[in-house]
2 protein chains.
Amino acid sequence: MRVSYARAHHCATVIFGHVTDRPGRRRDSERRDRDRRDLAAMVHPVLRLLVAAELPVLAAHDVSMWSYSVLTALDDGPVRTQATLAEAIGADKTRIIGTLDELQDAGLISRTPDPNDRRARLLSITDEGRRVRRAVRAQIRAKEEHLLARLTPAERTTFVRALEKLSALSPDDLSDDTRPRRTD
Amino acid sequence: MRVSYARAHHCATVIFGHVTDRPGRRRDSERRDRDRRDLAAMVHPVLRLLVAAELPVLAAHDVSMWSYSVLTALDDGPVRTQATLAEAIGADKTRIIGTLDELQDAGLISRTPDPNDRRARLLSITDEGRRVRRAVRAQIRAKEEHLLARLTPAERTTFVRALEKLSALSPDDLSDDTRPRRTD
DNA sequence: TATTGTTATACTCTATAACTATA
DNA sequence: TATAGTTATAGAGTATAACAATA
């Protein structure tokens, strides 16, 4: 995930001069929602901001974004095989191999052959890996505070809660098939 | 911005078994906030969800993500030169040229030489371009409803408001230099 | 035959630098 | 000399297919 640092000052000025819309008495909240930018057009800059804030922290600890993602998954969850880990962090089997090699060379994770299935290699985070992960996380949390400080306490709580809800969804949850209507 | 459709079922189970933390009487909200995932780890899956939802819509109208971004900027703002447009959408001068060529060939934008500066080419969206942009937006909004429907009305309002606030920030707004303290 | 981990290849995207034509 | 637009080249990142070992 590479992100350019170019600032995305998406022009927020929305002009609907010649949109002939029935001049009903809409509430402000409805008008607000209609005139807002697309969600992706707002979420993307926020992600770039977050990544830009995280990269220096990661670099200071000599870990890549993928490495940090792997360490996080291994620290939070039980031992995994490479395939399950890859799916857990939304990556590809082939994509994380280089990352795992680096992490192993750095002594942050260990890969031991599975006695029950000699094809598989069981992954686990080392004490040093745990230390690095948590040091990085602490610094990232500090950076996040700069962002969240722009919100009111109530906004902040709701924003994080909403993020937790939405980030847990799978693409299937958004498919049109979930609509109650049936064609038969 | 290419996004794999692999589901990011980030394991949300957080285990702090051996983190010796003073067992004070923390409020639930504080504990919640401490045990949550990193913001980027939540924002990223949300963006992927949104992009996955948008791509089919864009494909149906034969426009790329960058094309839609350009059409949006030109529809919402005044006529721009290519350089200013590029910066407005967070892209690079050289990166959008191919996109502009496609849009021009498709008759969705026009590029006319600037009479005052024969180096520059003034951009403007055509009626057809406006039609496409708004048709795409309407469909994207419909898809977004699937996502936002997972939130309560109050959560939704606050979430969108928070996104508007945060997405308007520039990297400078997050730098450590903004802290009130000085070293001298 | 299917699966785990791995490697190799090709393809996409991006950044950088160079070029032109104007100013 | 500097700038707007363009083009070309190199590099990073990714997906896909193919492979060896094991089930």
Side-chain angles (χ1 to χ4, degrees), chain A residues 1-8 44 47-48 51-52 54-55 58-59 63-70 73-74 79-105 109-124, chain B residues 1-8 44 47-48 51-52 55 58-59 63-70 73-74 78-105 109-124:
Chain A
M1 176 173 47
R2 178 150 289 277
V3 173
S4 77
Y5 286 79
R7 300 170 204 167
H44 192 205
L47 181 62
R48 284 206 285 205
V51 171
E54 290 189 8
L55 284 183
L58 294 168
V63 288
S64 68
M65 191 88 67
W66 283 114
S67 293
Y68 178 62
S69 182
V70 168
L74 290 181
V79 180
R80 287 186 182 80
T81 181
Q82 294 187 190
T84 49
L85 172 67
E87 202 199 339
I89 65 176
D92 191 283
K93 305 173 202 173
T94 68
R95 219 158 59 175
I96 62 171
I97 291 181
T99 303
L100 295 177
D101 291 342
E102 288 175 14
L103 286 171
Q104 192 176 20
D105 291 345
I109 68 167
S110 68
R111 280 196 280 192
T112 61
D114 186 348
N116 297 78
D117 184 346
R118 299 218 310 272
R119 293 174 303 181
R121 309 176 72 175
L122 297 179
L123 301 171
S124 62
Chain B
M1 175 172 48
R2 177 150 291 277
V3 174
S4 77
Y5 285 80
R7 300 168 203 169
H44 192 204
L47 181 61
R48 284 207 285 204
V51 171
L55 283 182
L58 294 167
V63 289
S64 69
M65 192 88 65
W66 283 114
S67 292
Y68 178 61
S69 182
V70 168
L74 290 181
V79 180
R80 285 185 181 82
T81 181
Q82 293 187 192
T84 49
L85 172 67
E87 202 201 338
I89 65 176
D92 192 282
K93 306 174 199 172
T94 67
R95 220 157 61 175
I96 62 171
I97 292 181
T99 302
L100 294 178
D101 291 340
E102 288 175 14
L103 286 171
Q104 191 175 21
D105 291 344
I109 68 168
S110 68
R111 281 196 281 193
T112 61
D114 185 347
N116 297 78
D117 184 345
R118 299 219 311 271
R119 295 174 301 180
R121 310 176 71 175
L122 297 178
L123 302 171
S124 61

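Bear in mind the structure is a predicted one, so any value in this text is a computation, not a measurement. Numbered from 1 within each chain, the chains take letters A, B, ... in sequence-line order.
Distance, B:Ile96 CD1 to C:dA15 C1': 15 Å, rounded to whole Å. Following rounding to the nearest Å, B:Leu123 (CG) and D:dA4 (P) show an atom-to-atom distance of 13 Å. If you take CG of A:Asp114 and P of D:dT22, they are 13 Å apart, rounded to a whole angstrom. One interatomic measurement links the two molecules: CG of A:Leu85 to P of C:dT4, which rounds to 13 Å at whole-angstrom precision. For A:Lys93 and C:dT7, the NZ to C1' distance is 14 Å, given to the nearest whole Å. Per the geometry, CD1 belonging to B:Ile97 stands 14 Å off C1' belonging to C:dT14, to the nearest Å. If you take CG of A:Asp92 and P of C:dT7, they are 15 Å apart, rounded to a whole angstrom. Regarding B:Glu87, its CD atom lies at a distance of 14 Å from the C1' atom of D:dA4, rounded to whole Å.
The side chain of A:Arg111 lies closest to C:dT6 when the candidates are D:dT14, D:dG5, C:dT6.
The phosphate of D:dT14 (OP1 or OP2) has a side-chain N or O of A:Trp66 nearer than 4.0 angstrom. Between B:Arg95 and C:dA15 there is a side-chain N or O to OP1 or OP2 distance below 4.0 Å.
Note that the two end axes of the helix from C:dT1-D:dA23 to C:dA23-D:dT1 enclose an angle of 10°, each drawn from 5 base pairs, rounded to 10 degrees.
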Set out, line by line, the N/O atom pairs under 3.5 Å between protein and nucleotides 17-23 of chain C.
from	atom 1	to	atom 2	distance (Å)
C:dA23	OP1	B:Arg118	N	3.1

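Partners of B:Arg119 according to the side chain to side chain donor-acceptor pair (under 3.5 Å) rule, which considers only residues two or more places apart in sequence or in another chain, are B:Asp117. Under the side chain to side chain contact (heavy atoms under 4.5 Å, CB included) criterion, B:Glu102 pairs with B:Ser67, sequence neighbours left out. Under the rule for a side chain to side chain donor-acceptor pair (under 3.5 Å), A:Thr81 has no partner lying at least two apart in sequence or in another chain. Taking A:Thr112 as the reference, nothing meets the side chain to side chain donor-acceptor pair (under 3.5 Å) condition, with sequence neighbours excluded.
To the nearest 0.5 angstrom, A:Arg111 atom CZ is 4.5 Å from A:Asp101 atom CG. Here the OG atom belonging to A:Ser64 is positioned 10.0 Å from the CG atom belonging to A:Leu55, to the nearest 0.5 angstrom. Atom CD1 of B:Ile109 is separated from atom CG of B:Leu85 by 8.0 Å, given to the nearest 0.5 angstrom. Taken from CZ in A:Arg121 to CD in A:Gln104, the straight-line distance is 5.5 Å, to the nearest 0.5 Å.
Side-chain atoms of A:Arg80 come within 3.5 Å of backbone N or O of A:Ala73 as a donor-acceptor pair.
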